[in-house]
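One structure is given below, represented as structure tokens, and several questions about it will come after.
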Amino acid sequence: MSPTMIPILRALIYIASFVTVVSAQESSTGTASNLTTAAVRSASSSACVAIGRALGSLIVESSGSEYTATAQGPWSLFNSLDQPTCIVYPRTASHVQVAMKSIFHFGSHYAVQAGAHSAVVGGQQWRLISFAHMNSVSYSPVTGTVTVLPGVHWGDAMAAIEPYASDIGMGLLLGGGISFISPLDGFVLVTGELVTATATNTYSDLFRALKGGANRFGIVTRYELYPAHTGTKDEKSWFGGIVVYPGLSSVAVSNASARYIREVTDPKAGLIVILNTINLTAVDANTVYLFYNGAELPQSIFGDFLSIPSTSQSLSPLSYFDITNLISGNDRGNGKQFGAASWVGDENTFLSGYNHLINFTRTFEAELLASYMIISPVPRSQWTAAPRTRGGNSIGDPGVSYAAINFDLIYPAGVTTVPKDANTGFELLLSQTPPSPGVPLYINECHGSQNVYKTYPAFAALEKTYAKYDPSRFNIEHTAGPIGL
Ligand SMILES: *[C@@H]1O[C@H](CO)[C@@H](O)[C@H](O)[C@H]1NC(C)=O
Ligand SMILES: *[C@@H]1O[C@H](CO)[C@@H](O)[C@H](O)[C@H]1NC(C)=O
Ligand SMILES: *[C@@H]1O[C@H](CO)[C@@H](O)[C@H](O)[C@H]1NC(C)=O
Ligand SMILES: *[C@@H]1O[C@H](CO)[C@@H](O)[C@H](O)[C@H]1NC(C)=O
């Protein structure tokens with residue numbers, strides 16, 4: 001069988017048999033949150049000197065073209081202007097270990113960059129471990145697994161087998177891997193030394209925590225994935241594409257989305273809805289991606305969307321590769337800001353959130369380039385499809401189908417920090433649009449002020465696991481990331 005790898009296809013990819021991780025075991029000399037700026041700078045300088053001595057100037061850089069390219073490379077402009085004290089380019093897991101030990105010893109702040117696709121603001125400062133050189137992908141026909149190093153972008157991983165392009169990095173796995181027709185997969189970890197975590201070994205609690213735990217538990221240096229076999233790029237086993245709707249159809253599209261979330265259980269169906277909330281009269285305001293793993297779009301599933309007056313439709317037989325190419329996101333040069341919501345399918349909840357976003361957008365229109373409400377279904381089957389033997393995740397089963405909502409802001413080129421007033425307004429918006437009771441937020445799309453972990457049905461277990469693997473709370477104190485652990 002040809003190993004066409006589609007790591008983000010709903011319910012088809014299951015996590016790894018294991019992941020390899022690094023973290024620091026020595027005791028910390030202080031907690032950065034209580035240190036002065038000067039002390040933080042001094043800690044990161046000391047760590048950089050020590051790592052440079054151990055690994056050499058090829059691996060540890062504080063200037064030069066590669067350093068500059070990495071520092072300026074992130075997808076969100078808001079993360080591309082910091083000047084890390086140094087950047088470490090590990091080639092092996094043991095390099096990561098050396099770096100992490102010094103970071104821990106000196107109590108330095110740090111950040112890890114895999115695909116540089118985060119919209120979480122901050123965290124590139126002081127120092128940064130870049131996985132730019134740990135980017136290989138290999139497939140083993142013997143185990144049927146794909147081994148992926150953390151610097152690989154999804155697109156490159158697939159290109160290892162099929163020509164293709166996309167721009168989502170491996171770090172996304174740590175958020176649980178929910179994406180368009182995607183599911184729940186993910187992994188990774190932390191703790192003093194290099195460990196291998198599997199679904200069944202002594203680190204199974206860590207293995208579970210990594211899936212949904214984001215960067216709090218350590219640094220993953222290798223992923224081993226069970227690939228989904230989805231056919232070659234020429235096998236057009238899907239049907240669908242893009243329908244564009246005018247602003248006049250926005251409420252109808254929002255209603256159709258709520259109903260889809262509530263009623264559709266067929267795992268072969270895929271949907272992404274993008275509602276433009278900055279130009280409500282645009283003829284091309286709203287974009288909907290509709291897919292079905294079959295010869296046509298069934299009326300019973302997509303009938304509402306197909307009957308709403310549209311501006312244009314581009315629907316045809318597609319391979320999975322065609323689909324992933326339709327949905328790639330490689331735009332750079334602008335600051336981005338995300339906020340998350342999670343709603344069960346209810347028309348009024350959707351409309352209320354949409355109207356709150358319009359109010360926010362209107363208020364801060366002069367400061368924004370674009371503003372969207374993006375709706376992605378997370379059907380219940382994504383939580384129940386993975387066999388128990390694959391180790392589970394740290395999020396927990398919410399017991400319902402729901403929509404992951406991304407409030408997605410784009411700032412004009414040249415705006416290099418989030419305007420304070422807009423940020424305050426955005427936080428108000430998020431408080432006005434809370435998750436439905438018992439439904440988890442998607443960590444990869446959250447705002448820094450959102451306590452995502454607390455929305456996990458399995459939060460109590462995650463908290464315990466964090467206390468076990470990072471008892472001094474080093475990662476909470478020294479690296480930017482989700483609050484709440
Ligand atoms: C930082 O300082 C505050 C207030 O002095 C204290 O409550 C907190 O425990 C300190 N944090 C750490 C991690 O030491
Ligand atoms: C959308 O749903 C709301 C709430 O059920 C309803 O009042 C409204 O008429 C619907 N509008 C459209 C255009 O479907
Ligand atoms: C909004 O959309 C309309 C219709 O597509 C277009 O004519 C207008 O220029 C747009 N306005 C802005 C501010 O982009
Ligand atoms: C609209 O947004 C502004 C700015 O954040 C806020 O002050 C106001 O309360 C909002 N109005 C409503 C009805 O939410």
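Below, all heavy atoms of this structure are taken into account, side chains as well, without hydrogens, waters or symmetry copies. Counting starts at 1 for both ligands and their atoms, in listed order. Since the structure is predicted, the reported quantities are computational estimates derived from the model, not experimental observations.
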TODO: Identify, for atom 2 (O) of ligand 2, the protein heavy atom at the shortest distance, and state residue, atom and that distance.
DONE: Asn255 ND2, 2.4 Å
- [ ] Determine the interplanar angle of the Phe302 and Tyr260 rings, folded into 0 to 90°, and report it as parallel if under 30°, tilted if 30 to 60°, perpendicular if over 60°.
- [x] tilted
Task: Close aromatic pair by centroid cut-off 6.0 Å: Phe360 and Phe364 - done: yes
Open item on the list: For Arg259, is there an ion pair with Glu263 - N to carboxylate O distance below 4.0 angstrom?
Closed with: yes
Task: Top protein contact for atom 11 (N) of ligand 3, by heavy-atom distance - done: Asn279 ND2, 2.7 Å
Task: Distance-only side-chain donor-acceptor flag, Tyr110 / Asn475, under 3.5 Å - done: yes
Open item on the list: Check for me whether Arg362 has a heavy atom closer than 4.0 Å to any atom of ligand 4.
Closed with: no
TODO: Would you kindly say whether Asn279 and Thr281 are connected by a side-chain donor-acceptor distance under 3.5 Å?
DONE: yes
Task: 4.0 Å protein heavy-atom contact status of atom 7 (O) of ligand 2, strictly under - done: no
TODO: Taking only heavy atoms of Phe364 into account, list the atoms of ligand 4 that are under 4.0 Å away from them.
DONE: 4 (C), 5 (O)
- [ ] Report, in ascending order of atom number, the atoms of ligand 3 lying under 4.0 Å from any heavy atom of Val283.
- [x] 4 (C), 5 (O)
Task: Identity and distance of the protein heavy atom lying nearest atom 5 (O) of ligand 2 - done: Glu347 CB, 3.8 Å
- [ ] Please work out which of Leu428, Ile358, Asn359 has its closest non-hydrogen atom nearest to atom 10 (C) of ligand 4.
- [x] Asn359
TODO: Using only heavy-atom distances, determine whether the side chains of Tyr402 and Ser436 contain a donor-acceptor pair under 3.5 Å.
DONE: no
Open item on the list: For a salt bridge (charged side-chain N to carboxylate O under 4.0 Å, His left out) check, start with the C-alpha distance between Asp470 and Arg216, then their side-chain angles and the critical distance, and finish with the verdict.
Closed with: CA-CA 9 Å; Asp470 189 5; Arg216 286 338 205 169; over 6 Å; no
Task: Ser45 and Thr85: side chain donor to acceptor below 3.5 Å - done: no
TODO: Considering heavy atoms of the protein only, find what lies nearest to atom 4 (C) of ligand 2 and give residue, atom and distance to 0.1 Å.
DONE: Asn348 OD1, 3.4 Å
- [ ] For atom 14 (O) of ligand 3, state whether the nearest protein heavy atom is under 4.0 Å away.
- [x] yes
Open item on the list: With heavy-atom distances below 4.0 Å as the criterion, list the atoms of ligand 3 near Thr281.
Closed with: 4 (C)
TODO: Using a strict 4.0 Å cut-off to heavy atoms of Gly425, name the atoms of ligand 4 that fall inside it.
DONE: 5 (O)
